[in-house]
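Data first, discussion second: the structure below is written as structure tokens.
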Amino acid sequence: MSSRAIRRVSFAKLSVAGFVLVALLTTAFMLRMGRGEAMPATPTQEPTRQAADPGIESSVEELLGKMTLQEKLQQIQLIPDWQATDEQARNGVGSVFSLVDPTTINHLQHVAVEESRLHIPILFAYDTIHGFRTIFPIPLGAASSFDPSVASDDHRIGARESAAVGLKQIYSPMVDVSHEPRWGRIAEAGGEDPYLNSVFAAARVKAAQGTDYSAPDKVVTSVKHFAAYGQPEGGRDYNTTDMSEQRLRNIYLPPFKAAIDAGADTAMCSFNAINGVPGCANRYLETDVLKGEWGFDGFIESDYTAVAELRACPAKTPDEGPCGHGVAADGPEAGALALNAGTDSEMVSTFIRDYGVQLLAEGRISMERIDDAVRRILRVKFRAGLFENPYVDPAKADAAQMLPDAVAAARKAASRSMVLLKNEGGLLPLNSARKTAVIGPLAKSGHDMLGPWWGRGRDEDAITVYDGIKAQSPGATYTQGCELSHKDPPDYDPAQDCVISKQALAKVNAAARSADQVVLALGETREMSGEAATRSEIDLPGMQQQLIQAIQKTGKPFVVVLFNGRPLTLEKVAAQSPAILEAWFPGVQAGHAVADVVFGEVNPGGKLPVSFPRRVGQVPIYYNHEPTGRPCDPGVKWCSRYRDIPSCDPLYEFGYGLSYTTFDISNLQLSSSSVAKDGSVTASVDVTNTGGRKGDEVVQLYIHDPVASISQPVRRLRGFERVTLEPGEKRTVTFTLDRSDVGFYDNRGKFVVEPGRIDVYAGNSSKAELKQSFTVTG
Ligand code: NOJ
């Protein structure tokens, strides 16, 4: 864990009454779950969940006591913007999402509060994932910063801009750990590591909610997609996953737990099935784990039509909407299944609302469960302050958008998120006084810079690469080279993507030859990542590689700046380019941030939060894999390898990234060579800037348990800290390891801390070589 970010569990801030309540509840849950050992405190932060407020609880009960069954079923309903009418508001609909016009929001809220029988306000929600109007780097990019303040800034500003239009819930953070670069949604979370995802999840929740999300610039967060949505088979979005208990709990659940501990008061169940049970019908995950073990007292909304998708699709009869999982025969059964599993709010489809009366009469759902769902929804609405302050002032909404501090934070976040993958001969930084040719299909695109969740971001607000470079290198020229397609399937034709004509190639050559240096802006369009955007090949789309070849032939110094929402296979790019900067989709300040890094105003310090495979056939490839009895060895046949790849590694490993300066990491020391199960050990390591420029290094701490009852990952990240050092400056970084770090979940879902040796590695990537060991005793 980062020594800076983490303080061990401290209940000091809770009142004595709160403490007793939490302790009683926890004990009750433990007893109910029959578990022998308490969940470890989430390693990444001090729990900040609000304890139940007796005032709010009695208001909820009082209101619940007045509600008719119909009114309760209305609260459970979550409708999209296009269904939001005065009538829905008057009938007491619970929540509305994707409505963003403050005047319309305010109007509907007036109808709900003034004209519905019980005057219950609506909860307005939106996908503010990496910004509302001021768009920040995609979460995968933000994770590359290894700096939680990047995520905090993003969600603090996203919350402020969202709340200003009347929104009070955001469907973020998305915390789906993924080992699937083909999956387009890998862009939306923090990559392949549970620890890094946990730190970022907590930072986002705390920043968006503050200590009290009733504040006018705060919103309640919804952590999603619960759970294991990041591991769809074949990388195809929405696809099924089959998952051992230990893997689910060790890899996929920790960031959810971190978000819940940080106070996330809503959660979204996922589309996919785990072991045959879809997320929104998953009683084990929703009720037993989330609400039971973790003590979550907020509500769970379904994902978009996910309740309807529980149904089998009718063989011949006309389609009546989404369907497919086949765990329910029809709409009523789907509604009952979802509600009974623990889904509290139904998005878009309306089965719980439509069939609730019938289901209750038939004894297929209970009034207790309906009350429980409604109680949770009302609790969040009270905590959000909606009963006291239901309205927004539309006249003030615009004034909160794209403020100078937001724009400055977005620029800083973007440059801190960039990862220098290659810099042969110290080619970068380029000299801005020299003539720069900016070339490539993404060089003048504002649209693509915003990434797959652009919220209310506008293409024209985004600084293009060309504009950013020109601002620092006057006289820069622009040449497109080829055009990337923004079409979606079935209209997208990969063979027609970025086709380079002879004339275009001639222009590219001429532009490069008449310049001193080239910035080549390549990658994916924003349509190529995000939801429903799986790729079977993850190389540069279309003929972009030919642009690299053409520039290489001119002999001009050049850097490839990549914009993409997933790891790409870059073997050819790396072979033909002297310098590569991974910029992800950097957001609204893209061009300025690229120029800051390329010209050396900012020394890049980002690290990869996900492995970049050499070839797509290596997928899944991730640093925290379990060992095998025949570990890969490039010099051996009978081992776990690909016969057509002469390496065991990805092209760029997790945690990798270069700088314009150099660092030395040395002197790993442990405070003790043995530690009791409930004790802790401190690891310290020195980092020195050995180069000639000020720069950032991310010191990373990994552990490995070499002998355990179940095979343990070869490495697990358990701490990191990004430090800024002047040339020659040295810093000692310390990390604390305890049972939450050395223990793991077994296949019965039990957290175990086993005696034996623990190896500790420190360095600047997942290949960290410094090693020390200690023994867990007792
Ligand atoms: C579907 C997506 O899976 C989810 O992430 C999003 O929050 C909802 N649509 C609402 O837009």
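Counting starts at 1 for both ligands and their atoms, following the listed order.
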Counting the benzene-type ring for Trp, do Trp453 and Phe585 have ring centres under 6.0 Å apart? no
Does His110 have its ring centroid less than 6.0 Å away from the ring centroid of Tyr391? yes
Sequence neighbours left out, what passes side chain to side chain donor-acceptor pair (under 3.5 Å) with [X]? Give chain and number order.
{"X": "Thr534", "result": "none"}
{"X": "Ser178", "result": "none"}
{"X": "Gln109", "result": "none"}

Within the protein, flag every N or O under 3.5 Å from an N or O of ligand 1, and note the pair and distance.
residue, atom, partner, partner atom, Å
ligand 1, 3 (O), Arg185, NH1, 2.7
ligand 1, 3 (O), His225, NE2, 3.4
ligand 1, 3 (O), Asp303, OD1, 3.4
ligand 1, 3 (O), Asp303, OD2, 2.6
ligand 1, 5 (O), Arg185, NH2, 2.9
ligand 1, 5 (O), Lys224, NZ, 2.9
ligand 1, 5 (O), His225, NE2, 2.7
ligand 1, 7 (O), Asp127, OD1, 2.6
ligand 1, 7 (O), Lys224, NZ, 3.1
ligand 1, 9 (N), Asp303, OD1, 3.4
ligand 1, 11 (O), Asp127, OD2, 2.5

So that I can tick it off, tell me whether Glu531 and Arg185 are bridged by a salt bridge, with the cut-off set at under 4.0 angstrom between side-chain N and carboxylate O. yes
